[in-house]
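Residue indices begin at 1 and follow the sequence shown.
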Amino acid sequence: MKKFISGIGLWLPAWPVLAQQAAEVPIPSAADASPVAMIVFIVIFVAMIGGFLGYIWMKGRSENKDDK
């Protein structure tokens, strides 16, 4: 365990050096980026929330029928 902790202590300060050596990737400007990915994410996210709420609602209904 001591070797692991000391290894992390030596590894973390090396991150800035590794970041400087990494190749710089150009970031596309906001005007060039397509909003399709964000729209797809939002649609899938909302659909999953709706599906979860529907599942909870249907499960609650079936438990109420069993109680009667």
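Clustering of Ile, Leu, Val, Met, Phe, Trp and Tyr side chains at separations under 4.5 Å places Val40 together with Val36, Ile44, Met48.
Placement of Ile42 and Ile49 within a single hydrophobic cluster is found when ILVMFWY residues are connected by side-chain heavy-atom separations under 4.5 Å, directly or transitively. Side-chain heavy atoms closer than 4.5 Å link hydrophobic residues (I, L, V, M, F, W, Y) into clusters, and following such links, even through other members, never connects Val46 to Ile39.
In terms of the side-chain contact (heavy atoms from CB on, under 4.5 Å) criterion, residue partners of Trp57 (sequence neighbours excluded) are, by chain and number, Arg61.
Taking the six-membered ring where tryptophan is involved, the planes of Trp11 and Trp15 are perpendicular, since the angle between them exceeds 60° and thus also 30°.
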